[in-house]
Amino acid sequence: MARLQPLGRRFYQRDTVAVARGLLGKVLVRRLPEGIVAVRLVEVEAYLGVADRACHTFGGRRTPRTETMWGAAGHLYVYFTYGMHHCANVVTRRVGDPQAVLLRGAVPLLGRELMAARRGGRDGSDLLTGPARLTRALGIDRSLDGADLTTGADVFLADDGFRRSADWTMALPRVGIAYAGEATAWPLRFVLAGRGGRRRGAGSARRR
DNA sequence: GACCAGATGTACT
DNA sequence: GTACATCTGGTCT
């Protein structure tokens with residue numbers, strides 16, 4: 001894993017669903033003060049911008065929080081939710097077309113101890129399953145909102161040659177967006193089958 | 001498996 | 001000022 005090259009801007013400028021599928025199996029590398037950690041993405045969700053009721057930019061909403069999504073592809077969009085959790089997204093498409101892919105789950109490749117330490121010593125099959133667990137284990141917060149993923153700096157995505165077959169990719173309804181009307185059922189959540197994806201299905205959607 | 005509380009930033013009135 | 005959020009961890013059954 002010594003010489004991973006960051007994915008280029010063009011990878012992110014494609015159709016959001018294509019980017020989401022393409023991200024499965026890719027390696028997310030994070031440089032922490034304590035060392036380098038790396039994980040393989042196994043679960044993501046696509047958010048399709050102004051036409052997607054579940055998306056922060058639905059209807060053209062543009063606020064300080066969502067500004068990163070409105071910018072160039074290949075940047076990290078990090079937001080804070082439920083008063084205590086951070087979630088990380090990858091911005092896709094082009095400037096002015098605010099779409100993104102939420103990183104929901106991964107499996108550890110390198111630096112597992114560092115990640116477990118950041119999660120308060122918890123280490124188990126749920127170390128990286130769930131968007132907020134992922135960001136916590138990788139030390140991702142609002143300070144990384146807008147970070148460029150193509151430079152290979154603090155955080156970036158890379159291809160280490162891992163090849164998933166299309167047969168191993170599942171498309172499922174998204175999670176936690178019961179408020180989103182018809183968009184709730186759109187199959188925009190992609191999971192690498194047979195890998196640590198979460199078992200909790202769409203059925204766990206909260207009241208509210 | 002089901003259910004609930006938690007803590008606060010963000011959007012909107 | 002108010003409502004709610006791309007969720008998690010803990011408890012109860």
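To find a chain, count down the sequence lines: A is the first, B the second, and so on, and within it residues start at 1. Owing to the predicted nature of the structure, the values given are computational and were not obtained by experimental measurement.
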For A:Leu102 and A:Pro131, work out which heavy atoms get closest and say how close.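 In terms of heavy atoms, the two residues are closest at CD1-CB, 4.2 Å.
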Tell me which nucleotide among C:dT8, B:dT10, B:dC12 gets nearest to the side chain of A:His85.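 Nucleotide nearest to A:His85's side chain: C:dT8.
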A:Thr57 (side chain) donor-acceptor with A:Pro98 (main chain) under 3.5 angstrom: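 The answer is yes, because a donor-acceptor pair under 3.5 Å joins these two groups.
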Phosphate OP1/OP2 of C:dG9: any A:Arg133 side-chain N/O under 4.0 Å: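 So the side chain of A:Arg133 is within the cut-off, an N or O lying under 4.0 Å from OP1 or OP2 of C:dG9.
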From OH of A:Tyr179 over to P of B:dC12, roughly how many Å is that when rounded to an integer?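 Taking atom P of B:dC12 as the reference, OH of A:Tyr179 is at 12 Å.
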A:Val175 and A:Glu45, any side-chain heavy atoms less than 4.5 Å apart: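 Yes, their side chains come closer than 4.5 Å.
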For a 4.5 angstrom cut-off between non-hydrogen side-chain atoms, does A:Val44 reach A:Arg189?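 Sidechains of A:Arg189 and A:Val44: no contact.
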Pairing string, 5' to 3', for DNA chain C - Watson-Crick or wobble contacts under 3.5 Å, brackets [ ] where pairs cross, | to another strand: |||||.||||||.
Whole angstrom is fine here: how far is it from CG in A:Asp145 over to C1' in B:dG9?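 It works out to 13 Å between those atoms.
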With the side chain counted from C-beta on, respond yes when A:Asp141 and A:Phe80 share a heavy-atom pair under 4.5 Å apart, and no when they do not.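 A:Asp141 vs A:Phe80: side chains apart.
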Just N and O in the side chain of A:Arg119: are any of them under 4.0 Å from OP1 or OP2 of C:dG9?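 So the side-chain polar atoms of A:Arg119 do come within 4.0 Å of the phosphate oxygens OP1 or OP2 of C:dG9, strictly under.
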Gap between atoms OH and P, on A:Tyr77 and B:dG9 respectively (whole Å):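 Checked: the OH to P distance equals 15 Å.
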Gap between atom NE2 of A:His86 and atom CG of A:Leu138 - 0.5 Å precision: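 Answer rounded to 0.5 Å: 13.0 Å.
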Starting at atom CG of A:Asp123, determine the distance to atom C1' of C:dG9, rounded to an integer number of angstrom.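 Whole-Å distance recorded here is 17 Å.
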Take the protein atom OH of A:Tyr82 and the nucleotide atom C1' of B:dT10, then report the distance between them rounded to whole Å.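 Result: 13 Å.
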How many whole angstroms separate atom CG of A:Asp126 from atom P of C:dC7?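 One finds 16 Å between P of C:dC7 and CG of A:Asp126, rounded.
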Spacing of A:Leu127 atom CG relative to C:dG9 atom P, expressed in whole Å: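 Roughly 10 Å, once rounded to whole Å.
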Between A:Thr184 and A:Ile177, is there a donor-acceptor pair closer than 3.5 Å when you use the side chain of the first and the backbone of the second?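 At least one qualifying donor-acceptor pair exists.
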Under 6.0 Å from the six-membered ring centre of A:Phe11 and within 45° of its axis: does the NZ or CZ of A:Arg14 meet both?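 Yes, A:Arg14 lies over the aromatic ring of A:Phe11.
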What is the distance from NE2 of A:His86 to C1' of B:dG9, rounded to the nearest Å?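 Going from NE2 in A:His86 over to C1' in B:dG9 covers 10 Å.
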By the 4.0 Å heavy-atom rule, please label A:Arg136 as base, sugar-phosphate, or nothing.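 Nothing, no nucleic acid heavy atom in range.
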Nearest-nucleotide comparison on DNA chain B, the residue closer to the 5′ end among A:Met84 and A:Arg142: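 Checking each residue's closest nucleotide, the 5'-ward one belongs to A:Met84.
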Donor-acceptor contact present, side-chain A:Arg9 to main-chain A:Ala72, <3.5 Å: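 Between the backbone of A:Ala72 and the side chain of A:Arg9 there is no qualifying donor-acceptor contact (under 3.5 Å).
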Nucleotide N/O to protein N/O under 3.5 Å, stretch nucleotides 10-13 of chain C:
residue	atom	partner	partner atom	Å
C:dG10	OP1	A:Arg122	NH2	3.2
C:dG10	OP2	A:Arg122	NH1	3.4

Classify the nucleic acid contact of A:Ala54 as base, sugar-phosphate or nothing, counting any heavy atom under 4.0 Å across all strands shown.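 Counting heavy atoms under 4.0 Å across all strands, the contact made by A:Ala54 includes a base.
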